[in-house]
Protein chains: 4
Amino acid sequence: MSIHSLHLNLNTGVTSLASRKKEKYDLILEAALKVIAEHGFHGSQVSRIAKEAGVADGTIYLYFKNKEDILISLLREKLGELVAKFNSSIQEGDTADEALRKICEIHYTALEENVHLAHVAQIELRQSSIELRKEIGLAVKPYIELIESVIRRGMDAGTFRQGLDPKVVRLLIFGGMDEVVTSWLISGRKYSLSEQAGKTIDFFLKGLS
Amino acid sequence: MSIHSLHLNLNTGVTSLASRKKEKYDLILEAALKVIAEHGFHGSQVSRIAKEAGVADGTIYLYFKNKEDILISLLREKLGELVAKFNSSIQEGDTADEALRKICEIHYTALEENVHLAHVAQIELRQSSIELRKEIGLAVKPYIELIESVIRRGMDAGTFRQGLDPKVVRLLIFGGMDEVVTSWLISGRKYSLSEQAGKTIDFFLKGLS
Amino acid sequence: MSIHSLHLNLNTGVTSLASRKKEKYDLILEAALKVIAEHGFHGSQVSRIAKEAGVADGTIYLYFKNKEDILISLLREKLGELVAKFNSSIQEGDTADEALRKICEIHYTALEENVHLAHVAQIELRQSSIELRKEIGLAVKPYIELIESVIRRGMDAGTFRQGLDPKVVRLLIFGGMDEVVTSWLISGRKYSLSEQAGKTIDFFLKGLS
Amino acid sequence: MSIHSLHLNLNTGVTSLASRKKEKYDLILEAALKVIAEHGFHGSQVSRIAKEAGVADGTIYLYFKNKEDILISLLREKLGELVAKFNSSIQEGDTADEALRKICEIHYTALEENVHLAHVAQIELRQSSIELRKEIGLAVKPYIELIESVIRRGMDAGTFRQGLDPKVVRLLIFGGMDEVVTSWLISGRKYSLSEQAGKTIDFFLKGLS
DNA sequence: CATGAATGAGTGTTCATTCAT
DNA sequence: AATGAATGAACACTCATTCAT
């Protein structure tokens, strides 16, 4: 390392190397989110994301392995934030009903408030290769497991009836909500998504009969 | 057209010009189904589908407008068959419970028995352009409406409770089943899909509580 | 052979086999002229010419070796008609001046009266392969030689001055008229082409000085 | 690094980013000129031009919008050079005769000395689409207007006779020379083109009579 | 003679990724 | 670390021509 680079390091002394790295990393992810939401999956060339982020094409590859890595990272980061929000919202003392209601409300509200993310998560990211879809599955898993844990808690507490298979029910709940969100998006968001939470929970809790 | 030619058409119904045309049309669709299921959406070049069908590349374009048209046609044909199966299975006298149970059982069984179709419908076709996705939506609509009609029938007969919003419930039911199928596929089909129908219906009918 | 096709033969019984052949040959050429003039060189697929002529694609190949052969034949026929028109117009007793004036007038008038032919000859046929261009050269040759013969006649008669090189002058005359026609076409035919004949001949006869 | 390369570096020390960009731009144009002249319009695939220029296919598209853009640029550059040559050759004090003589001599000499250019300009470029032909027309226009200005100058000075229509005469002159060049090329260049200039001017100035 | 379904060679253009600077 | 010019593999689609009927 030369004196010149040392000098540069002194200049950036206030922000650590790690945080600078983190800054540009986030910059690119935010750019990717915006570009994909605006131009769709097929209109999201690496060069366009780089331009939006204000960096050179090559710079992308200093922070991400390849294009797919950008998408996977994007999902992981955003979904991680969402799961963190759930965890902080669901109090220890919540009943299973309350926890499930919160999950559904946060699910709908978070996507309603962040249409970009909703569009990318529900529409664009699903146009990806098998490898990417497996990664998406991994990223979604913690969320599905969160739902399962709530179901188990309800069954243990006697709030939910016995005989349910939590592995199947978690899918039915996640898939149901997922479809409601996609349908809302495709409709052109002509109604309030968060207002569907009541009906959704009502169906999940009491079923058809 | 004379009586004679009409008569001939009846006689040669199996190998008329129209049916030969139909044959090659189906041949290509079957090849497309196989190739997409095997090699994924991105590995399904037109030339590969042509090779699998045993026809020249150019022949594809005598039967389909473009590559996307193959996929749309594929979905329309297969989904049409499925909806026909539903309609012929659901008897007039069926209660809403029975009808919903049949829908779920046919949904799971049909996809379990035709893994190629399941793979294409659940994984590959979702990686398509917005235009294609709209077409898919149109193709799926009759099915979702079938579910809605069963819900309404149940509510009218007093089998299902009042206060349900059929527009939301139909999404929760379709989305739930859809997620179960996708999960089964991604798991590597390590368990029986059709055996999940009981638990699924149980949840739909009685809910969690 | 059925009675039906026999009946057809009776209908065409008045025209000999040769003339029927000739008829379809001409039919295709007329169709080609129309299609090329309307849709341009690149829009003139063999199938389109066949459709315009009311015959099957394959029928074209019973009368012409290949696509290029259609174009060459087209030019030969039409240019042949033109040269015949010249020859019948130019009287034995005409002076070279009069003959040249007639050539120019017929050249301009014929193309003005047949815009289709003009378009194909001046614009479309020049977009062809080298082989075709050589053929075009051969087809045009008799016409250029006609011009040369008039020049020689004028020099022999003393009407035209000595020292001219007929081989060069014939090119200058043909090229000049050709450019005037093309320019008129590209301009959108906003003025009368045949009215340019006077000025053209005036320049050819007296030059600039 | 050797003295030789050092020497070269000194020589090319002035090469700015812009000039290097210009270099590759010219490189591709020169390659296109050579390839089109050698293999004809239809044998000039973009990949062949790239190979001849020693660059990758994709590189072409960093400098040119598309294939047609290469041809248009080629014509504009080369014709621009030619017009510049005319302008610098024709002195203010030249009489119209002298100016016209120079135009004809440069026209013939320039094309005789650059057979590639001659071939492309006279034969290949004329096989292009209507859009391209319009571009060609635009590129040729300044040259035709140069001829017209000389004619007008001669008429004003009394060198050329009155009553001429400069708009028609410019076409007759340009078209005449053009045909002589094309004929020379098609003949296989078996005689000297530049030696035809005398006869050509002689005809233009004095006409036939 | 006539048909027209089938053929399959041929190519301009995009864009993820690299690497010399 | 950052750049961005250069790379080159990959692919849908057209259409002149053939040939079994």
Side-chain angles (χ1 to χ4, degrees), chain A residues 1 4-5 8-9 12 17 20-21 24 42-51 53-70, chain B residues 17 20-21 24 42-51 53-70, chain C residues 1 5 8-9 12 17 20-21 24 42-51 53-70, chain D residues 17 20-21 24 28 42-51 53-70:
Chain A
M1 184 178 286
H4 286 94
S5 59
L8 279 173
N9 279 346
T12 56
L17 199 79
R20 266 196 304 132
K21 182 145 187 165
K24 200 155 275 187
H42 287 102
S44 299
Q45 298 84 344
V46 170
S47 61
R48 206 196 281 252
I49 294 173
K51 198 178 177 186
V55 301
D57 293 17
T59 307
I60 299 271
Y61 291 85
L62 298 174
Y63 296 89
F64 300 92
K65 211 169 76 244
N66 51 33
K67 188 184 180 183
E68 200 161 293
D69 192 30
I70 306 176
Chain B
L17 197 79
R20 265 191 298 128
K21 187 147 190 161
K24 199 153 276 188
H42 288 101
S44 298
Q45 297 86 340
V46 171
S47 60
R48 207 197 282 251
I49 294 173
K51 199 175 177 186
V55 301
D57 292 19
T59 306
I60 300 271
Y61 293 88
L62 296 175
Y63 296 89
F64 299 92
K65 216 168 70 245
N66 51 32
K67 189 185 179 182
E68 196 160 81
D69 192 32
I70 305 176
Chain C
M1 184 177 287
S5 58
L8 281 171
N9 280 344
T12 55
L17 201 76
R20 266 196 301 133
K21 180 146 189 164
K24 199 155 276 188
H42 287 103
S44 299
Q45 298 84 342
V46 171
S47 61
R48 207 197 281 253
I49 294 173
K51 197 177 176 185
V55 301
D57 294 17
T59 306
I60 300 270
Y61 291 86
L62 297 175
Y63 295 90
F64 300 92
K65 213 168 74 244
N66 50 33
K67 187 184 180 183
E68 199 160 292
D69 191 32
I70 305 175
Chain D
L17 197 79
R20 266 190 298 128
K21 185 143 189 163
K24 197 153 279 187
I28 293 169
H42 287 101
S44 297
Q45 298 86 339
V46 171
S47 61
R48 207 196 282 252
I49 294 173
K51 198 176 176 185
V55 301
D57 292 19
T59 305
I60 301 271
Y61 292 87
L62 296 176
Y63 296 90
F64 301 92
K65 216 169 69 247
N66 50 35
K67 188 184 179 182
E68 197 161 78
D69 191 33
I70 305 176

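Lettering follows sequence order; numbering is per chain, from 1. All values reported here derive from a predicted model rather than from experimental measurement.
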Chemist: What is the distance, to the nearest angstrom, from the CG atom on A/Asn66 to the P atom on F/dA9?
Modeler: 19 Å

Chemist: Please measure how far the P atom in F/dT21 lies from the corresponding atom in E/dC1, and state the result in whole Å.
Modeler: 23 Å

Chemist: Ignoring hydrogens, what is the shortest heavy-atom contact between B/Ile49 and B/Ser44? Give both atom names and the distance.
Modeler: CD1-O, 4.2 Å

Chemist: Between D/Val55 and C/Ser47, who's closer to the 5' end of DNA chain F by nearest nucleotide?
Modeler: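 It is D/Val55, whose closest nucleotide lies nearer the 5' terminus.
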
Chemist: If you assign D/Gly54 and C/Lys67 each to the DNA chain F nucleotide with the nearest heavy atom, which residue ends up on the more 5' nucleotide?
Modeler: D/Gly54

Chemist: Can you tell me how far C1' of F/dT7 sits from CG of D/Leu62, to the nearest Å?
Modeler: 9 Å

Chemist: Shortest non-hydrogen contact from C/Tyr61 to C/Asn66?
Modeler: CE2-CA, 3.9 Å

Chemist: Can you tell me the distance, in whole Å, between the CZ atom of A/Arg48 and the P atom of E/dA16?
Modeler: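 To the nearest whole Å, that distance equals 11 Å.
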
Chemist: What's the separation between atom CD1 in D/Ile28 and atom CD1 in D/Ile60, rounded to the nearest 0.5 Å?
Modeler: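 The distance works out to 4.5 Å.
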
Chemist: Using a cut-off of strictly less than 4.0 Å, decide whether A/Lys24 has a side-chain nitrogen or oxygen near OP1 or OP2 of F/dA2.
Modeler: yes

Chemist: Whole angstroms only, please: what is the CD-C1' distance between A/Gln45 and E/dT14?
Modeler: 9 Å

Chemist: Over how many whole Å does the gap from D/Asp57 atom CG to F/dA9 atom P extend?
Modeler: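 Going from D/Asp57 (CG) to F/dA9 (P), I get 9 Å.
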
Chemist: Scan every strand shown for a Watson-Crick or G-U wobble partner of F/dG4, both distances under 3.5 Å, and answer none if you come up empty.
Modeler: E/dC19

Chemist: Rounded to whole angstrom units, what separation is found between the CD1 atom of D/Ile49 and the C1' atom of E/dT13?
Modeler: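 In whole Å, E/dT13 C1' and D/Ile49 CD1 are 14 Å from each other.
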
Chemist: Which comes earlier along DNA chain E counting from the 5' end, the contact point of D/Tyr61 or that of A/Val46, where each point is its nearest nucleotide?
Modeler: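 So the residue in question is D/Tyr61.
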
Chemist: Tell me the interatomic distance from D/Phe64, atom CZ, to E/dT13, atom P, rounded to whole angstroms.
Modeler: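 Roughly 13 Å, once rounded to whole Å.
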
Chemist: Would you kindly compare B/Ile60 and C/Ile60 by the position of their nearest DNA chain E nucleotide and give the one closer to the 5′ end?
Modeler: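 Taking each residue's closest nucleotide, the earlier one in sequence belongs to C/Ile60.
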
Chemist: Work out which heavy atom in C/Gln45 is nearest to a heavy atom in C/Lys67; give both atom names and the distance.
Modeler: CA-NZ, 4.5 Å

Chemist: Expressed as a whole number of angstroms, how long is the span from D/Tyr63:OH to E/dG12:P?
Modeler: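 That distance rounds to 20 Å.
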
